[in-house]
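All values below come from the heavy atoms of this structure, side chains included, with hydrogens, waters and symmetry mates left out.
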Amino acid sequence: MTSTAQAPTGRMVATDAAPDARRTVRAPRLVAHRGAPRVRRENTLPAIAVAEALGADTIEVDVRRTADGVAVLLHDETLGRMWGDARRVSEVDWCDVARLGNGLDRIPRLDAALERLDGCRTSLLVDLTDPEDALVAARTVAAHRGSTGVAWCGAPEAMAAVREVLPDADVWLAWESLEAPTAEDLAPLAPSTLNLDVAFLTPRTVRAAHDLGLVVSVWTVDDPEPAVWAAMSGVDSITTNDVATVRAALAEAERDGWPERDREPTETEVASRAQALAHRIAHEVIAFTREHPVGEVTTKAHPADLVTDVDRLVEQHVRSRVRTVFPTHGFTGEEYGAAPGDRHRWYLDPVDGTTNLANGVPWTSMSLCLTRGGRPLVGVVADPWRGEVLEARSGRGATLRDRTLRLDDAPRALAGAVVGTELDGHRPWPGFGAFLDALAARSCTLRVQGSGTLTIAQVAAGRGIGGCVSAFDPIDHGAAVLLVHEAGGVVLTREGPVDGFPPAGEPFLVAHPDAADELHAVWTAALAAV
């Protein structure tokens, strides 16, 4: 039985852990992201006109300031991506900015956008990052004498600047956490709306926001399935690049009845779609990790436990990509924790080897794994520095590029071979010294590279005879363990070989099949010697 609670919009929303199609749902309002960027150039007057004609309730635009203090519609700090000019817009006077583009496809002033929507039912949502830009934008709105409704979203510092000029401004609070908001979170900005990245959308967060009297908006959703799922989760508005598609999907659901799960997809259907998605994500992450400079580096549990902005940005991207295709799946990530879902769960480590990344050592990886009922279905390991994606699917084998990974049956000796391992955090694991000595006595070399994911995955690729880690975690090692299984390798705990995952928190070993017995004996003896 599902209980209900009244949302601010009058919609009845479910209060259990997942959407329930049996209760009343109403289509959310639609926010056109940067106008209509799939039809006209983003953040221009033609894009605004198309979005208004498509029936968008609100149009979100990004605002920056010129060198002479004019508020203009532009997302980036520079004019390069959209307008072919590498200069920062804050260093260029308005008269020069106005010359870029041609016809109506030009950078407009914010006051022109306000005038364009004057008298329309469509309102404007101004997105801001920089507090100085925010001051200019707020003063522009304060000076406008028309009737265009304006709300504000963006960085907290920018919203505080808006409040300095417009004390009664309608502020949307950006929310990028799986933790539900509290009254304390709202106090600094007194927002009307919780503005959720779709990566962090959960029914629990929606309920908590509604209980606090907030409207809930989610961004950015462009496909029918996640749009319908978001509506069924109780959100009040959806920000989208494709107003027409999302509106049609919601209208169909209202007309024909909100969907129920008539048939659960088969394991084969889910795995096939998931493998294709994971493959695309891996290549996106490779490009981003290679190109994005490491900015802020902070610590977590201890000074050697590092996290960078790359870790967080990659995880947000992957969560959003998965949520778009599989909105009901659960998700557990290294940086943002666990989101609820059905019996499918994704595990992600966005950067395994963060210390290497922060110190400029090109040996890191991403691990992404899908499980069904706790069993691994699909796994990918992305190596940004080799540009490689190692991928596996349960029962279908493992591949690297177009090459099938299959460990041969030839006898393997430890002498002259390489075994990989990782430290337990920044310290040797109990038995590390004994293991090193035992391998050295057999003329076998031990390597510590700094990424447990790659240490295990490389064994599946035939690079090294084995690898061991002090504690299994599906976030870090799930994809790599599936790779070893599917490549014909052996996965062992102290008790011997295992199918599927080792127990969480337990030390484990992977090995070439014809070296597994000897390596396991050496490893277990080292563990027992502590």
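- Residues Leu110 and Leu73 approach most closely at CA-CD1, 3.7 Å, considering heavy atoms.
- Remark: of the listed residues His33, Arg34, His75, Arg34 is the sole one forming a side chain to side chain donor-acceptor pair (under 3.5 Å) with Asp62.
- Scanning both residues, Val136 and Gly69, for their nearest heavy atoms gives CG1-O, 3.5 Å.
- Geometric assessment of Arg323 against the ring of Trp346 yields a negative cation-pi assignment under the 6.0 Å and 45° thresholds.
- In terms of heavy atoms, Gln316 sits closest to Ala199 at O-CB, 3.8 Å.
- Side-chain atoms of Thr78 and Asp76 include no donor-acceptor pair closer than 3.5 Å.
- For the 3.5 Å distance criterion, the side chains of Thr193 and Ser217 fail to qualify, holding no donor opposite an acceptor.
- Side-chain atoms of Thr328 and Asp342 include a donor-acceptor pair closer than 3.5 Å.
- No hydrogens or angles considered: nothing links the side chains of Arg106 and Thr44 as a donor-acceptor pair under 3.5 Å.
- For the residue pair Glu184 and Thr182, a side-chain donor N or O sits within less than 3.5 Å of a side-chain acceptor on the partner.
- Defined by atom type and a distance below 3.5 Å, a donor-acceptor pair is missing between the side-chain atoms of Tyr347 and Glu334.
- For the pair Leu214/Pro191, a side-chain contact is recorded, criterion being any heavy-atom separation below 4.5 Å from C-beta on.
- For Glu52 and Arg121, the salt-bridge test fails: no basic side-chain N is under 4.0 Å from an acidic carboxylate O.
- Nearest heavy atom pair, residue Ala56 against residue Thr122, reads O-OG1, 3.0 Å.
- There is no side-chain donor-acceptor pair under 3.5 Å between Asp352 and Ser367.
- At a cut-off of 3.5 Å, with distance as the only test, no side-chain donor of Thr324 or Asp223 sits close to an acceptor on the other residue.
- A 4.5 Å side-chain heavy-atom check between Ser451 and Thr364 finds every atom pair outside the cut-off.
- At a cut-off of 3.5 Å, with distance as the only test, a side-chain donor of Asp222 or Thr240 sits close to an acceptor on the other residue.
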